[in-house]
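Reviewing the structure listed below.
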Amino acid sequence: MSARSEERAGPASPQPRTAAGTASADVAARATTGFRQRYGAEPAGRWAAPGRVNLIGEHTDYNDGFVLPFALPMRTVVAAAPRDEPRWTVWSELDDEPVGFGPEEADEPGRVPGWAAYVAGVVWALRAAGQPVPGARLAVASDVPVGSGLSSSAAIESAVLAALVDLGNLDLPAERWPRLAQHAENDYVGAPTGIMDQSAVIRGRAGHALFLDCRTEQVDQIPFDLDAAGLAVLVVDSRAPHRHADGEYASRRRSCEEAARILGVPALRDVDPADLDAALAKLPDDETRRRVRHVVTEDQRVLDTVALLRAGRVGEIGPLLTASHASMRDDFEITVPEIDTAVEAALAAGAYGARMTGGGFGGCVLALVDASAADAVADAVAAAYAERGFAAPATRAVHPTGGVTRLD
Ligand code: GLA
């Protein structure tokens, strides 16, 4: 990890912000301590995977479209050691009791429930791919917030995957890791997500946003140098309770797939924005038309954002971010009052752009602001929340960091 990967703290912010360098070191130490206490031995190594935030391109990944996420400074660390028999035991600081499972449970999706399903899912996906997965003991610590839409699940999947690949010397190039981790989440855990989160967490690069074509999995690392532009990205955890997020996500996905079928294209990515009106006219109802309009216009906003970033015009992407939010709010209908309040307050306080990030129905908002205005914007969001009687939001400034890595 480079120094750039550390969380950046604005002065006098409303939230305590971790001093540079301490967060990941603490998390790694907690994973080691947990391993020693639980297993009475030293780990063979430690692997760290970040959370992610998506700059733009929401609900486009499972439509074979474009996304532009980046990896966050918050990390999940797995301390692990191999064992002789094919059994896996995993302890997490989220839970006192470790969870143990063997091949029978790993080979049957759903047998290992709760957070440990993400670990069993990785074992399952590797075994399903014919890999000789080593048995292992694992201990997990994390400062990626759970349930905030910052991909704590992709972080644990990816850290565990990296650990098992290394411990078993598996012949598995890193380009294949995102699909395997997604496979674990889709088919073992049972969440029908796309490829974005795992790609960002595995392939992220410090100082860059990851421009991903979700059809071809081609990646372009786009320089995203906030310091040079005098800018900051704030991530506001809305603290909104997730409202039926899983069912709503799945139903959005079904609508998109059904619309693609009606339009006779493999995926909504294949609808040319120039032909959008003609495509919409073929759809049966207003709701489906709005869902399709979101996806098609959102893909174009990703391409426009990438073009601006490539031209070094970072400060000019703000209106695209805000347009993305309006599209999610009005057409895709995945925002909630806390989220809309945070976006409006950030914009009113001078943000260049702001939008919900992630799957929706809660989670986080990101805002692009002048670095010198970061605290004022964070304060304005907190004040708007207080006025509406919402639980206080948590705001932090973030920079793009590197993807999953072996620490030692
Ligand atoms: C969640 C999913 C991703 C993606 C986003 C929406 O984060 O895990 O695959 O679909 O929602 O863009």
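Counting convention: from 1, in listed order, for ligands and their atoms alike. Only heavy atoms go into these numbers, but all of them, side chains included; no hydrogens, no water, no symmetry mates.
- Atom 11 (O) of ligand 1 has as its closest protein heavy atom Gly359 CA, 3.2 Å.
- Salt-bridge annotation for Arg290 and Asp286: present, with a side-chain N of the basic residue lying under 4.0 Å from a carboxylate O of the acidic one.
- Under 4.0 Å is where a charged nitrogen must lie from a carboxylate oxygen, and between Arg215 and Asp270 at least one such pair does.
- For the pair Asp299 and Arg269, the salt-bridge criterion is not met [side-chain N within less than 4.0 Å of a carboxylate O].
- Note on residues 263-310: pairs passing ring-ring contact (aromatic ring centres under 6.0 Å, His included), not counting sequence neighbours, are His294-Phe332.
- Short contacts between ligand 1 and Thr193, defined as distances under 4.0 Å to a heavy atom of the residue, involve ligand atoms 2 (C), 8 (O), 9 (O).
- Across Glu58, Glu298, Arg52, Arg253, heavy-atom proximity to atom 12 (O) of ligand 1 is greatest for Glu58.
- Between Asn54 and ligand 1, a contact under 3.5 Å exists for no N or O pair.
- In terms of protein heavy atoms, atom 10 (O) of ligand 1 is closest to Tyr249 OH, 2.6 Å.
- Distances below 4.0 Å separate heavy atoms of Gly194 from the following atoms of ligand 1: 9 (O).
- Considering backbone and side-chain atoms alike, Thr60 places every N or O at 3.5 Å or more from each N or O of ligand 1.
- Every atom of ligand 1 with a heavy atom of Asp61 under 4.0 Å away is listed here by number and element: 3 (C), 4 (C), 9 (O), 10 (O).
- Counting heavy atoms from C-beta outward, Val398 and Pro73 have side chains that approach closer than 4.5 Å.
- For the residue pair Arg38/Thr89, the side-chain donor-acceptor check at 3.5 Å is not satisfied.
- Around atom 1 (C) of ligand 1, the closest heavy atom drawn from Val67, Ile334, Asp197, Asn63 belongs to Asp197.
- At a cut-off of 3.5 Å, with distance as the only test, a side-chain donor of Arg355 or Ser324 sits close to an acceptor on the other residue.
- Listed by number with element, the atoms of ligand 1 under 4.0 angstrom from any heavy atom of Met196 are 4 (C), 5 (C), 12 (O).
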